[in-house]
Amino acid sequence: MFAIYITALVMGAMGSLHCIGMCGPLALSLPVTRLTSSGKMFATLLYNLGRTTTYAVLGALFGLLGLTFGLVGLQQSLSIAIGVVILIVLLWPKNKLILNSNSKMQLFFTRVRNKLGQLLKNEKYQSVFLIGVLNGLLPCGLLYMALAAGVATASISKSVLFMIFFGLGTLPLMWTFSFFGSFINFRSRQQLRKLIPVMFFCMACLLILRGLGLGIPFVSPAIHNDKAAAIGCVVKP
């Protein structure tokens, strides 16, 4: 299981290039321009802490979903299925989720963006933290990939840890970007982004191997499909 957390950390670190492209304008618009250098440093850390907090909460919710599958003995099948879905998305990138402008989900995202607009006008530390919290709720393909892996853990605590490691992986580059501004040119970002599909491919293969339960330490450990294992309990004879 340790390998999956390393994967989350690397996934966040490499995926932070995607984050800069998608959330960069928001990070550069944080209400921190009038703060001192130390105040700006603290505020930008709060912003990233807010994002990671949302990731952890989402990890708990999706971990509960995965736990349901684990309790009925479908943890391995779930891990394999999610790995296969990720591979399909990679091989068929045009397969995108289309949100109707009148859908409840789209209305929710609109409200989140409106609230973000209000908070960006408020130069307070709590506002910066809340901006990070709401930022974590905006639609993001990278985040959905991470949550899919969290579901595959079939455990609330493990899913939360996975998402925390994912958030920590994005922290160095996102904090540097929000503190110093644009420091990586467009061409460099484009080159580094090419590595992201490779990372997703490796993660998908890892999930499939975990689901197969081949008995390979850290990579494909044997999984016992019983209720005690699903909830992380050790039953002594």
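Just so it is clear, the structure is predicted and the values come from calculations on it, not from any experiment.
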**Q** Minimum heavy-atom separation for Leu35 and Ala43, please, with both atom names.
**A**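 Where Leu35 meets Ala43 most closely, the heavy atoms are CD1-CB, 3.8 Å.
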
**Q** Kindly write out the residues that satisfy side chain to side chain donor-acceptor pair (under 3.5 Å) with Ser127, not counting sequence neighbours, or none if the list is empty.
**A** Asn122

**Q** Does the side chain of Leu46 come within less than 4.5 Å of Ile131's, by heavy atoms?
**A**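 Answer no - side chains too far apart.
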
**Q** Could you walk me through whether Leu143 and Leu58 satisfy the side-chain contact (heavy atoms from CB on, under 4.5 Å) test, starting with their C-alpha distance in whole Å, then the side-chain angles of each, then the deciding distance to 0.1 Å, before giving a yes or no?
**A** CA-CA 10 Å; Leu143 174 60; Leu58 291 175; 4.2 Å; yes

**Q** What pair of heavy atoms forms the shortest contact from Ala56 to Val160, and how long is it?
**A**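 Looking at all heavy atoms of both residues, the shortest contact is O-CG2, 3.6 Å.
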
**Q** Of all residues at least two apart in sequence or in a different chain, which pass the side chain to side chain donor-acceptor pair (under 3.5 Å) check with Thr52?
**A**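 Listed in chain order: nothing, the list is empty.
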
**Q** Test of understanding: with ring-ring contact (aromatic ring centres under 6.0 Å, His included), list the residues that count as partners of Phe42, not counting sequence neighbours.
**A** Tyr125

**Q** Tell me, please, which residues at least two apart from Ala146 pass side-chain contact (heavy atoms from CB on, under 4.5 Å).
**A** Met11, Phe162, Met163, Phe166

**Q** Without swapping roles, check the side chain of Ser159 against the backbone of Gly59 for a donor-acceptor pair under 3.5 Å.
**A**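 Checked: pair present.
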
**Q** Do the side chain of Thr68 and the main chain of Leu64 share a donor and acceptor less than 3.5 angstrom apart?
**A**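 Present.
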
**Q** Looking at side-chain heavy atoms only, is the closest gap between Phe108 and Leu137 below 4.5 Å?
**A** yes

**Q** Thr36: which residues meet the side chain to side chain donor-acceptor pair (under 3.5 Å) condition with it, sequence neighbours left out?
**A**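 Listed in chain order: Ser38.
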
**Q** Which heavy atom of Pro31 sits nearest a heavy atom of Leu120, and at what distance?
**A**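 In terms of heavy atoms, the two residues are closest at CB-O, 3.5 Å.
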
**Q** Looking only at side chains, do Asn48 and Arg51 share a donor and an acceptor under 3.5 Å apart?
**A** yes

**Q** Kindly give the heavy-atom pair with the smallest separation between Ala152 and Ser79, and that separation in Å.
**A** CB-CA, 4.0 Å

**Q** Side chains of Pro139 and Tyr144, heavy atoms from C-beta outward: is any pair under 4.5 Å?
**A** yes

**Q** Would you check, one step at a time, whether the test side-chain contact (heavy atoms from CB on, under 4.5 Å) holds for Tyr55 with Ile164?
**A** CA-CA 7 Å; Tyr55 296 160; Ile164 289 176; over 6 Å; no

**Q** Can you measure from OH (Tyr5) to CG (Leu161) and round to the nearest 0.5 angstrom?
**A** 4.5 Å

**Q** Is the number of heavy atoms from other residues, nucleotides or ligands within 6.0 Å of CZ (Arg113) greater than 12?
**A**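 Buried by this count: over 12 neighbours within 6.0 Å.
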
**Q** Among Leu134, Leu49, Leu119, Leu45, whose side-chain contact (heavy atoms from CB on, under 4.5 Å) with Phe129 holds?
**A**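 With Phe129 as partner, Leu134, Leu49, Leu119, Leu45 yield a single side-chain contact (heavy atoms from CB on, under 4.5 Å), made by Leu49.
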
**Q** Apply side-chain contact (heavy atoms from CB on, under 4.5 Å) to Leu116 and Leu138, showing your working.
**A** CA-CA 10 Å; Leu116 280 171; Leu138 293 176; 3.9 Å; yes

**Q** Checking the side chain of Thr54 only, and the main-chain atoms of Gly136 only, is there a donor and an acceptor separated by less than 3.5 Å?
**A** no

**Q** Do Ile80 and Val84 have side-chain heavy atoms sitting under 4.5 Å apart?
**A**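 When only atoms from C-beta onward are counted, Val84 and Ile80 do touch, with a gap below 4.5 Å.
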
**Q** Quick test of your reading: applying side chain to side chain donor-acceptor pair (under 3.5 Å), list the pairs with at least one residue in residues 129-138, sequence neighbours left out, ordered by first then second residue.
**A** Tyr47-Asn135

